[in-house]
Amino acid sequence: MNNPNATATPLKRTDYCGALRAADEGREVVLCGWVHKTRDMGHLVFVDLRDREGLAQVVFQSDRPTLSEEAKKLRGEFVVGVRGRVRRRSSVNKDIPTGEIEVEADALQVFAASKVPPFVVADPPQASEELRLKYRYLDLRRPVMQRRLRLRHEAALAARNYLSKHGYLEIETPILANPTPEGARDFLVPSRMFHGRFYALPQSPQQFKQTLMVAGCDRYFQIVRCFRDEALRADRQLEFTQIDIETSFIDRDEFFALNEGLMEALFGLVGRKVERPFRRIPYAEAMEKYGSDKPDLRVPLEMRDLTAIGREGSSEILKGVVAGGGEIKGLLIPGAGGLSRGQLDKLGEKAKALGAKGLIWVKKQDGWKSSLKTAEADFERIWSVLGGGAADLALLVADKKDAALKVLGEIRRTWPVEDAARRDRLEFCWVTDFPLFEWSEEEKRFVSMHHPFTMPYEEDLHLLETSPDRVRAKTYDLVLNGVEAGGGSIRIHQMDVQRRIFKALGLTDEETQAKFGYFLDALSYGAPPHGGIAHGFDRLVMFLAGEESIREVIPFPKTTGALDLMTGSPSAVDQRALDELGLKLKG
RNA sequence: GGGGUCGUAGUUCAGCUGGUUAGAACGCCGGCCUGUCACGCCGGAGGUCGCGAGUUCGAGUCUCGUCGGCCCCGCCA
């Protein structure tokens, strides 16, 4: 661009726009950044200049007519350098940190012009997420996004420092690895050297990190990308980042404390207090009380079992459910006794949508009111078990146990938390002792709930062959406000136990050898007792940023349709690439 | 794989039970303006109503299909 004011050599930045303060008054500075906004007053032109640290106001005055003319040509998102003197403003702008000062320009250099951007670069975003993703480089210029990138950096740094301080070494593991036989769908990578053979991108470095324990590394961690070819959600991406940790000679209490300290360090970055130690809730209890394996403890409601009232009470309906092997669960909602008939009907519809046959409600207002017809003594008993008061509402579901827990659990989970202070709390807990196996309807066999290397409780081992579904595993999920923030387990380090697990999973020796060959070999060369965890880094940063989607803290995320709207990936490849890999597309 | 919801100027949206010239705000372009900071004032340009079929005298509006965004279920060891 023709620019008579340009100095012979490019202007060299001395300061960030956003870093200038009243203390810089009188200094000659050079700022480099993007034109955020111009206000052309005729003989006076104001330009807000933006860089990653913030905004500064630059003023061009008519006593330098050529310079002023150049300034009038500036448009949004032009990249410029400005030299000038810092001075106090005649009227302070209290809304921005640099509002006390401005830069009186004496030189301007346009490094690059810009097309008119598809949306205005400003907070909050004035564009749909679709458009923001397509022009992510513009979206990321927004101060809020810059802060999130920085926060993510600081969180990774804090995690590294914390774990390093506790004796953990960050060790890299392969991205090109073997397909995982159980679990999520793998991303496959064809091999050019071996047609018909494939690498897989790791769902997690699980086997490698355990191998590092066998290798004597003792304490490993890695902030590592993981890949799962599954449906995307607000809190799930095809590729995501874990803080992956593994420890030898592990003491579970110490390990919980280590991880709680890590949370303390991370949330300390945003000035949030973390209350320790975290509550520990066995899986079975979590399901009974909250109907969820990741309870949101900000919701101050708990379920109770009322099956005995069905069995011993006067209601033929409840009696029938119990006789048929069902159970009765109750949820007391304090202060909800005033709900109208219409609101109660809505709740009933919601329960039905969740698969319940019906929802029973009970109130105590001028005598008992309920959708259930039964003796007063039954209501008295329900009230006594649930601890109800006059203004309260009780919701009951009589059904198969899992169904009843699920329905009331969902009502509990989505019940609005009125108290703002309560809503803002960080409610961490450990949910421990998940079942080792769960039945797969699809495969008609038991599959690992966590993964096949998870240690069962010794006292449950005798159930392995007779009632595998009743075997508890030494697992632990870290749950924060109803979101699974991390999960891990103590691993099996004895080959004989590992063999019994594989047998219970219905795998033959040949299959296990083919699928886990090297790893079983490794376990038989002196494996230390060990265990570990993996934290969802994106989800944690999301919490730190106060956001509700991990896309807000990932620079270049994919849409829920698995597309990258900026790059257009995934994309087709030409025939030569396929030929080289020995691949042929169907149809 | 299934359900819900959205798609209209560059952007965010409005547009009624189908009706003749599709609007607003911001942005953009031009002009004026010496203290603005959501600058102001005057003027202007800008539309394949996501795409494709269908119903109808007539479709932004109704139907079907399709593509895309978001949310949820399944799935996510």
Side-chain angles (χ1 to χ4, degrees), chain A residues 36-49 55-63 68 72 75-77 87-96 98-100 102 104 114-122 124-135 138 179-186 202-204 206-207 226-238 240 353-355 406 410 414 434-438 440-443 446-454 473 475 477 484 487-489 501 505 515 534 536 548-549 551 557-563 565 568:
Chain A
H36 187 68
K37 197 159 206 176
T38 62
R39 288 177 295 279
D40 182 353
M41 318 297 294
H43 286 285
L44 194 61
V45 181
F46 296 98
V47 174
D48 289 339
L49 199 60
L55 289 179
Q57 174 167 285
V58 179
V59 58
F60 294 86
Q61 297 186 127
S62 53
D63 54 1
S68 189
K72 284 176 189 293
R75 293 293 180 267
E77 303 312 313
R87 67 181 190 196
R88 286 187 175 270
R89 292 197 199 184
S90 49
S91 59
V92 168
N93 182 348
K94 290 192 176 63
D95 298 332
I96 56 173
T98 61
E100 284 184 79
E102 67 189 1
E104 183 190 357
S114 168
K115 294 204 283 187
V116 174
F119 54 87
V120 179
V121 176
Q126 290 153 51
S128 65
E129 189 172 3
E130 189 172 0
L131 205 65
R132 289 174 55 206
L133 289 173
K134 182 172 177 188
Y135 298 95
L138 297 180
T180 321
E182 312 240 332
R185 241 174 253 120
D186 284 310
Q203 296 176 27
S204 83
Q206 187 60 39
Q207 289 179 42
C226 302
F227 307 85
R228 292 176 193 176
D229 189 4
E230 298 289 350
L232 296 88
R233 288 277 201 290
D235 61 352
R236 281 157 43 181
Q237 284 274 308
L238 299 180
F240 59 99
L354 290 164
K406 180 187 161 193
E410 194 56 21
T414 53
F434 280 63
L436 187 63
F437 302 118
E438 62 185 336
S440 165
E441 237 352 277
E442 203 177 318
E443 300 184 49
F446 284 102
V447 297
S448 294
M449 199 155 174
H450 190 55
H451 58 62
F453 316 111
T454 306
T475 62
D477 274 7
E484 184 191 335
S489 64
I501 300 294
L505 286 169
K515 287 174 176 171
E548 292 189 344
S549 162
R551 291 189 300 270
K558 297 196 173 34
T559 65
T560 50
L563 296 173
L565 295 181

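Throughout, protein chains are lettered first and strands after them, A, B, ... in sequence-line order, and every chain is numbered starting at 1.
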Contacts of [X] that satisfy side chain to side chain contact (heavy atoms under 4.5 Å, CB included) - sequence neighbours left out:
X      : answer
A/T180 : A/D186, A/Q203
A/R88  : A/A22, A/E25, A/E100
A/T414 : A/K350, A/E410

Pairing partner (Watson-Crick or G-U wobble, both distances under 3.5 angstrom) of [N]:
N     : result
B/U11 : B/A25
B/U63 : B/A53
B/G68 : B/C6
B/G40 : B/C32
B/C16 : none

| field | Which residues share a ring-ring contact (aromatic ring centres under 6.0 Å, His included) with A/F434, sequence neighbours left out | value |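 For A/F434, the residues satisfying ring-ring contact (aromatic ring centres under 6.0 Å, His included) (neighbours in sequence not counted) are A/Y283.
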
| field | Partner residues of A/F446 under the ring-ring contact (aromatic ring centres under 6.0 Å, His included) criterion, sequence neighbours left out | value |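 Applying ring-ring contact (aromatic ring centres under 6.0 Å, His included) to A/F446 gives A/W439.
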
| message | Contact between A/L565 and A/E129 at the side-chain level, heavy atoms closer than 4.5 Å - yes or no? | response |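 Not in contact.
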
| query | Taking C-beta and beyond as the side chain, do A/Q207 and A/H451 meet within less than 4.5 Å on heavy atoms? | reply |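 No, every pair of side-chain atoms sits at 4.5 Å or beyond.
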
| message | Within the 4.0 Å heavy-atom criterion, would you say A/S90 contacts the bases, only the backbone, or no part of the nucleic acid? | response |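 Counting heavy atoms under 4.0 Å across all strands, the contact made by A/S90 includes a base.
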
| Which part of the nucleic acid does A/Q203 contact within heavy-atom distance under 4.0 Å: base, sugar-phosphate only, or nothing? |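 A/Q203: no heavy atom of the nucleic acid under 4.0 Å.
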
Using the [atom1] atom as the point on both nucleotides, what is the distance between [M] and [N], in whole Å?
N     : M     : atom1 : result
B/G10 : B/A45 : C1'   : 12 Å
B/G35 : B/C41 : P     : 16 Å
B/G15 : B/G74 : P     : 35 Å
B/G54 : B/A59 : P     : 12 Å
B/G7  : B/C37 : C1'   : 35 Å

Quick one: the side chain of [X] and the base of [N], do they pair up donor-acceptor inside 3.5 Å?
X      : N     : result
A/E230 : B/G74 : no
A/R228 : B/C76 : no
A/Q61  : B/U34 : no
A/R87  : B/G35 : yes

Round to a whole Å and report the spacing from [atom1] of [X] to [atom2] of [N].
X      : N     : atom1 : atom2 : value
A/Q126 : B/A25 : CD    : C1'   : 11 Å
A/H451 : B/C76 : NE2   : P     : 15 Å
A/E104 : B/U34 : CD    : P     : 17 Å
A/M41  : B/C32 : CE    : C1'   : 12 Å
A/R89  : B/C37 : CZ    : C1'   : 7 Å
A/D63  : B/G35 : CG    : P     : 15 Å
A/L44  : B/C37 : CG    : P     : 12 Å
A/L55  : B/A38 : CG    : C1'   : 14 Å

Under 3.5 Å between N/O atoms: give me all the protein pairs with nucleotides 6-10 of chain B, atom names plus distance.
residue, atom, partner, partner atom, Å
B/G10, O2', A/P118, O, 3.0

Which pairs would a plain distance check flag for residues 114-122 of chain A, meaning a side-chain donor or acceptor within less than 3.5 Å of a matching protein atom at least two apart in sequence or in another chain?
none

| query | Do NZ/NE/NH1/NH2 and the carboxylate oxygens of A/D48 and A/K37 come within less than 4.0 Å? | reply |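 Salt bridge between A/D48 and A/K37, a charged N being under 4.0 Å from a carboxylate O: no.
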
| Are A/R236 and A/E230 within salt-bridge range, i.e. N to O under 4.0 Å? |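 A/E230 and A/R236: not salt-bridged.
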
| Would you say A/T98's side chain and A/L55's backbone share a donor-acceptor pair under 3.5 angstrom? |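 Confirmed, A/T98 side chain pairs with A/L55 backbone.
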
| When you match A/A127 and A/S62 each to their closest nucleotide on RNA chain B, which lands nearer the 5' end? |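 The residue closer to the strand's 5' end, by nearest nucleotide, is A/A127.
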
| query | Start at the 5' end of RNA chain B and walk down; is the nucleotide closest to A/K406 or to A/E438 reached first? | reply |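 Closest to the 5' end, via its nearest nucleotide, is A/K406.
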
| request: Determine: side-chain N/O of A/K134 to OP1/OP2 of B/G68, distance under 4.0 Å, yes or no. | output: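 Checking B/G68 against A/K134, no side-chain N or O comes under 4.0 Å of OP1 or OP2.
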
| request: Would you indicate which nucleotide in B/G35, B/C33, B/C75 comes nearest to any side-chain atom of A/D40? | output: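 Minimum distance to the A/D40 side chain belongs to B/C33.
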
| field | Qualifying residues under side chain to side chain donor-acceptor pair (under 3.5 Å), relative to A/R132, sequence neighbours excluded | value |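 Side chain to side chain donor-acceptor pair (under 3.5 Å) list for A/R132, sorted by chain: A/D139, A/E552.
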
Restricting both atoms to N or O, compile the protein contacts to nucleotides 69-71 of chain B shorter than 3.5 Å, with distance only.
residue, atom, partner, partner atom, Å
B/G69, OP1, A/T559, OG1, 2.4
B/G69, O4', A/E130, OE1, 3.3
B/C70, OP1, A/T560, N, 3.3
B/C70, OP2, A/T560, N, 2.7
B/C70, OP2, A/T560, OG1, 2.3
B/C70, O3', A/R551, NH2, 3.0
B/C71, OP1, A/R551, NH2, 2.9
B/C71, OP2, A/R551, NH1, 3.4

